[in-house]
S.K.: 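Could you have a look at this structure, given as structure tokens, before my questions?
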Amino acid sequence: QVQLVESGGGLVQVGGSLRLSCAASGRTFSINPMGWFRQAPGKEREFVSAIGWTGGHSAYAKSVKGRFTISRDNAKNTVTLQMNGLKLEDTAVYFCAADGRARSPEVTPLHIYEYDYWGQGTQVTVSS
């Protein structure tokens with residue numbers, strides 16, 4: 001059974017930092033893109049960041065570019081989202097996702113439908 005488990009969420013003040021981690025089990029995703037999405041209360045789930053399977057290509061939503069950094073460790077089957085300069089509007093449940101299909105290294109999927117596996121989410125709350 002494939003599982004993605006997020007960790008690292010919590011409560012942080014504006015301007016602070018958090019580091020989210022996602023550990024995959026049940027299969028390897030070493031040649032698959034992985035990503036992060038988030039969903040704020042009353043809003044649709046939205047793309048945050050994605051990373052190609054080599055780690056050499058990444059994509060970010062405009063709202064987080066320059067503040068968030070995605071990385072991965074294929075040996076550990078993990079993906080990480082370093083979040084700096086957090087803002088109130090970053091408050092959301094953050095979800096890890098994995099594409100079940102092998103892709104070219106430069107592929108960084110941006111859309112929910114491109115991902116096959118999802119974690120349960122971890123809450124990030126930014127307070128003033």
Side-chain angles (χ1 to χ4, degrees):
Q1 181 180 0
V2 177
Q3 279 192 312
L4 300 179
V5 179
E6 303 95 338
S7 61
L11 176 65
V12 65
Q13 289 190 324
V14 170
S17 298
L18 281 175
R19 185 178 180 87
L20 304 183
S21 293
C22 171
S25 62
R27 62 163 282 182
T28 179
F29 291 102
S30 60
I31 55 171
N32 308 84
M34 297 188 74
W36 288 93
F37 288 73
R38 68 186 181 186
Q39 187 166 16
K43 295 189 176 181
E44 293 186 351
R45 192 171 299 191
E46 65 175 7
F47 170 78
V48 175
S49 183
I51 188 166
W53 68 264
T54 66
H57 296 269
S58 58
Y60 297 92
K62 287 184 181 179
S63 59
V64 307
K65 198 167 187 178
R67 300 187 296 122
F68 292 9
T69 303
I70 191 171
S71 60
R72 65 187 296 161
D73 185 334
N74 287 339
K76 296 181 179 178
N77 222 16
T78 60
V79 63
T80 298
L81 186 69
Q82 176 67 42
M83 306 187 296
N84 299 328
L86 284 161
K87 304 177 180 180
L88 292 174
E89 53 264 40
D90 293 320
T91 294
V93 177
Y94 284 70
F95 298 89
C96 172
D99 184 344
R101 292 145 288 189
R103 302 286 196 180
S104 298
E106 70 277 9
V107 173
T108 53
L110 308 181
H111 306 287
I112 292 173
Y113 63 81
E114 297 181 277
Y115 291 88
D116 302 290
Y117 302 97
W118 293 84
Q120 292 299 306
T122 184
Q123 177 70 47
V124 171
T125 303
V126 184
S127 66
S128 57

S.K.: Side-chain donor-acceptor contacts of residues 7-25 below 3.5 Å, not counting sequence neighbours, with atom names and distances?
M.R.:
| from | atom 1 | to | atom 2 | distance (Å) |
| --- | --- | --- | --- | --- |
| Ser17 | OG | Asn84 | OD1 | 2.9 |
| Arg19 | NH1 | Gln82 | OE1 | 3.0 |

S.K.: Here's a test for you: under ring-ring contact (aromatic ring centres under 6.0 Å, His included), which of Phe95, Tyr113, Tyr115 qualifies with Phe37?
M.R.: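 When Phe95, Tyr113, Tyr115 are each tested with Phe37, the ring-ring contact (aromatic ring centres under 6.0 Å, His included) holds only for Tyr115.
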S.K.: If two hydrophobic side chains count as joined below 4.5 Å and joins carry through other members, does Ile112 share a cluster with Leu110?
M.R.: yes
S.K.: Is the shortest side-chain heavy-atom distance between Thr54 and Glu106 below 4.5 Å?
M.R.: no
S.K.: Tell me if the CD atom of Gln120 is crowded by more than 12 foreign heavy atoms within 6.0 Å.
M.R.: no
S.K.: Of all residues at least two apart in sequence or in a different chain, which pass the side chain to side chain contact (heavy atoms under 4.5 Å, CB included) check with Ser71?
M.R.: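 If we apply the side chain to side chain contact (heavy atoms under 4.5 Å, CB included) test to Ser71, skipping adjacent residues, the hits are Thr80.
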S.K.: Answer with yes or no whether the hydrophobic clustering places Met34 together with Phe47; edges join I, L, V, M, F, W, Y residues whose side-chain heavy atoms lie under 4.5 Å apart.
M.R.: no
S.K.: How close do Tyr94 and Glu6 get, heavy atom to heavy atom, and via which atoms?
M.R.: O-OE2, 3.9 Å
S.K.: Is it the case that the side chain of Arg103 and the backbone of Thr108 share a donor-acceptor pair, with hydrogens and angles ignored and the cut-off at 3.5 Å?
M.R.: no
S.K.: Would you call Leu86 and Phe68 a side-chain contact if the rule is heavy atoms closer than 4.5 Å?
M.R.: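 Yes, their side chains come closer than 4.5 Å.
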S.K.: Sort out for me which residue in Val93, Thr122, Asp90, Val124 forms a side-chain contact (heavy atoms from CB on, under 4.5 Å) with Arg38.
M.R.: Asp90
S.K.: For the side chain of Thr91 and the backbone of Val126, is there at least one donor-acceptor N/O pair under 3.5 Å apart?
M.R.: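 Looks like yes, one N/O pair under 3.5 Å.
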S.K.: How long is the straight-line distance from CH2 of Trp118 back to CG of Asp116, given to the nearest 0.5 Å?
M.R.: 10.0 Å
S.K.: Any non-hydrogen side-chain atom of Trp36 less than 4.5 Å from a side-chain atom of Cys96?
M.R.: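 In contact.
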S.K.: Should Ile31 and Val2 be regarded as members of a common hydrophobic cluster, given that ILVMFWY residues are connected when their side-chain heavy atoms come within less than 4.5 Å of each other, either directly or indirectly?
M.R.: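 As far as the 4.5 Å side-chain criterion goes, Val2 and Ile31 are not connected within one cluster.
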S.K.: Taking Asp99 for its side chain and Asn32 for its backbone only, find out whether a donor-acceptor pair lies under 3.5 Å.
M.R.: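 No, the answer is negative, given that no donor and acceptor are paired below the 3.5 Å cut-off.
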S.K.: Calculate, to the nearest 0.5 Å, the distance between atoms CD and NE2 belonging to Glu46 and His111 respectively.
M.R.: 13.5 Å
S.K.: Determine whether Leu4 and Phe29 make a side-chain contact, defined as any pair of heavy atoms from C-beta on separated by less than 4.5 Å.
M.R.: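 Side chain of Leu4 against side chain of Phe29, heavy atoms only: contact under 4.5 Å found.
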S.K.: For Pro109 versus Ala50, what's the shortest heavy-atom pair and its separation?
M.R.: O-CB, 3.3 Å
S.K.: From Tyr117 OH over to Arg27 CZ, what is the distance, rounded to the nearest 0.5 angstrom?
M.R.: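 So the gap between those two atoms works out to 4.5 Å.
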S.K.: Heavy atoms, side chains only, cut-off 4.5 Å: are Tyr60 and Ile70 in contact?
M.R.: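 Yes - at least one pair of side-chain heavy atoms lies under 4.5 Å apart.
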